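Notes for the one structure printed next.
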Amino acid sequence: MNGIALSPGQVDTSHGPILYMEGVSVSFDGFKALNNLSLYIDAGELRCLIGPNGAGKTTLMDVITGKTRPDVGSVFFGQTIDLLQMDEPAIAQAGIGRKFQKPSVFENLSVFENLELALATNKGVWATLLAKLTSNQRERIEHTLETIGLTEHRSQQAGILSHGQKQWLEIGMLLMQEPKVMLVDEPVAGMTHQEIERTAELLLSLRGERSIIVVEHDMEFVRSIATRVTVLHEGSVLTEGSMDEVQNDPRVKQVYLGD
């Protein structure tokens, strides 16, 4: 396993997809979590993944981030970076970031300090907090605060933020690492309607400057952000297309939408 660190600037996206998986299969005790799955994500694309529980969505993200090793298949970041030859930290450093469903922020620290900590990829927590920020780093934090809509809450303890605000803060922490690809798992679960709308605006604002893969069950939310939707079923891609195409596919209605 290769732990060589690569900076996001080294990713070759001059042609072809920024991320692709081909013929990937993963088995757990005889159960095929992924079954000959192929997926292609373009640079700057916002792609939504949907599918019933057990369809393979989490395993797919685990493979991309190096948490799970496939039995067979290829997974490339850009044209030259073989993710299967890298460990989790190296993949993160190369420019692939992941946000899990449950927000994991430092609740006793301020919103600003959480973003400051996210700058530190190779530093200890206390060393980071004691270090003096450069003007460039401070600008990045300020820009991120504005992007996630938490400028007014910069000095507030993260623990007293609303659920939605914690989700935005964690997205902000991911942005501080400047990923080329963001994997976002069920970002609107448990949110109010207003928070869901704000999250849609946030993710749409990030589209283009980075590629975003969103796993979500809320179909109304998916419709509000997706230009292309991939439906997984039993570890394989069932179909891909626009939200209208996917919702009108008889196979999707049968296996996922309950018709």
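Source: prediction; values computed, not measured.
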Any sub-3.5 Å donor-acceptor pair from Glu170's side-chain atoms to Ser104's backbone N or O? yes
Would a 4.5 Å heavy-atom cut-off, applied to side chains only, mark Ile18 and Phe77 as touching?
yes
Exercise. Check the pair His163, Met191 against side-chain contact (heavy atoms from CB on, under 4.5 Å), reporting the backbone distance first and the verdict last.
Key: CA-CA 7 Å; His163 172 70; Met191 283 190 181; 4.1 Å; yes
_With heavy-atom distances below 4.5 Å as the criterion, would you say the side chains of Thr230 and Ile213 are in contact?_
no
Value for CD (Glu178) from CG (Leu119), rounded to nearest 0.5 Å, stands at 8.5 Å
All heavy atoms of Thr227 vs all of Arg207, minimum pair found to be CG2-NH1, 3.8 Å
Starting from Leu145, can I reach Ile160 by hopping between I/L/V/M/F/W/Y residues whose side chains sit under 4.5 Å apart? no
All heavy atoms of Ser211 vs all of Ile41, minimum pair found to be CB-CG2, 4.2 Å
Heavy-atom nearest pair, Ser224 first then Ala200, reads OG-CB, 3.7 Å
When every non-hydrogen atom of Ala158 is compared with those of Val105, the smallest separation belongs to CB-CG2, 4.0 Å
Student check: side-chain heavy atoms of Glu142 and Arg154 closer than 4.5 Å: yes
When you look at Arg251 and His233, which way does the side-chain contact (heavy atoms from CB on, under 4.5 Å) test go after all the steps?
-> CA-CA 10 Å; Arg251 297 169 299 170; His233 177 56; over 6 Å; no
Discussion item. Do Val255 and Ile50 land in one hydrophobic cluster if side-chain heavy atoms of ILVMFWY residues count as linked below 4.5 Å?
Written reply: yes
Is Glu240 salt-bridged to Arg228, going by a charged N under 4.0 Å from an acidic O? yes
side-chain hydrogen bond (donor to acceptor under 3.5 Å, both in side chains) test vs Ser162 passes for just one of His153, Gln167, Glu195, namely Glu195
When rounded to the nearest 0.5 Å, the distance separating CG of Leu203 from CZ of Arg198 is 9.5 Å
- Compare all side-chain heavy atoms of Leu46 with those of Val214 and state whether any distance is below 4.5 angstrom. yes
Report task. Ignoring hydrogens and angles, tell me if any N or O in the side chain of Thr68 forms a donor-acceptor pair with the backbone of Val63 under 3.5 Å. Result -> no
Just so I know, are the side chains of Ser236 and Leu37 near enough to count as touching, which here means a heavy-atom distance under 4.5 Å? no
Got a donor-acceptor contact below 3.5 angstrom from the Lys57 side chain to the Leu49 backbone?
no
Taken to the nearest 0.5 Å, the spacing of Lys253 NZ from Asn248 CG works out to 5.5 Å
Interatomic distance, CG@Asp244 vs CG@Asp249, rounded to 0.5 Å, equals 12.5 Å
Is the closest side-chain heavy-atom distance between Met243 and Met219 below 4.5 Å?
yes
**OP:** Measure from the side-chain N and O atoms of Glu216 to the backbone N and O of Asp218, and report whether any donor-acceptor pair falls under 3.5 Å.
**Re:** yes
With the 4.5 Å side-chain cut-off for hydrophobic clustering, are Met61 and Phe28 part of the same group? yes
Without swapping roles, check the side chain of Arg47 against the backbone of Tyr40 for a donor-acceptor pair under 3.5 Å. yes
Would you indicate whether the side-chain heavy atoms of Arg138 and Phe112 approach each other to under 4.5 Å? yes
So CZ of Arg69 and CG of Leu83: to nearest 0.5 Å the spacing works out to 8.5 Å
Note: Pro179 and Gly97 closest approach over all heavy atoms is CB-N, 3.8 Å
Give a yes or no answer on whether the side chain of Asp71 reaches the backbone of Ser27 with a donor-acceptor pair at less than 3.5 Å. yes
TODO: Check whether any side-chain heavy atom of His143 sits under 4.5 Å from a side-chain heavy atom of Ile141, and report yes or no.
DONE: no
Review point. Would Leu183 and Leu84 show up in the same hydrophobic cluster when neighbours are defined by side-chain heavy atoms closer than 4.5 Å?
Key: yes
The reported gap from CG in Leu232 to OG1 in Thr239 (rounded to nearest 0.5 angstrom) is 11.0 Å
Just wondering, are more than 12 heavy atoms of other shown residues or ligands nearer than 6.0 Å to CD in Glu22? yes
Heavy-atom nearest pair, Thr199 first then Pro187, reads CG2-CB, 4.2 Å
Has Gln157 got a side-chain atom pairing as donor or acceptor with Asn108's backbone, closer than 3.5 angstrom? yes
The side-chain contact (heavy atoms from CB on, under 4.5 Å) partner of Leu115 among Leu150, Leu169, Leu175, Leu109 is Leu169
Would Asn53 and His217 count as a side-chain contact (heavy atoms from CB on, under 4.5 Å) here? Give the steps. CA-CA 10 Å; Asn53 290 332; His217 287 291; 3.7 Å; yes
Q: Go through the steps to decide whether Phe106 and Met173 satisfy the test side-chain contact (heavy atoms from CB on, under 4.5 Å), and finish with yes or no.
A: CA-CA 11 Å; Phe106 297 95; Met173 293 169 73; 4.0 Å; yes
### Single-linkage hydrophobic cluster Leu204~Trp168, side-chain heavy atoms < 4.5 angstrom
yes
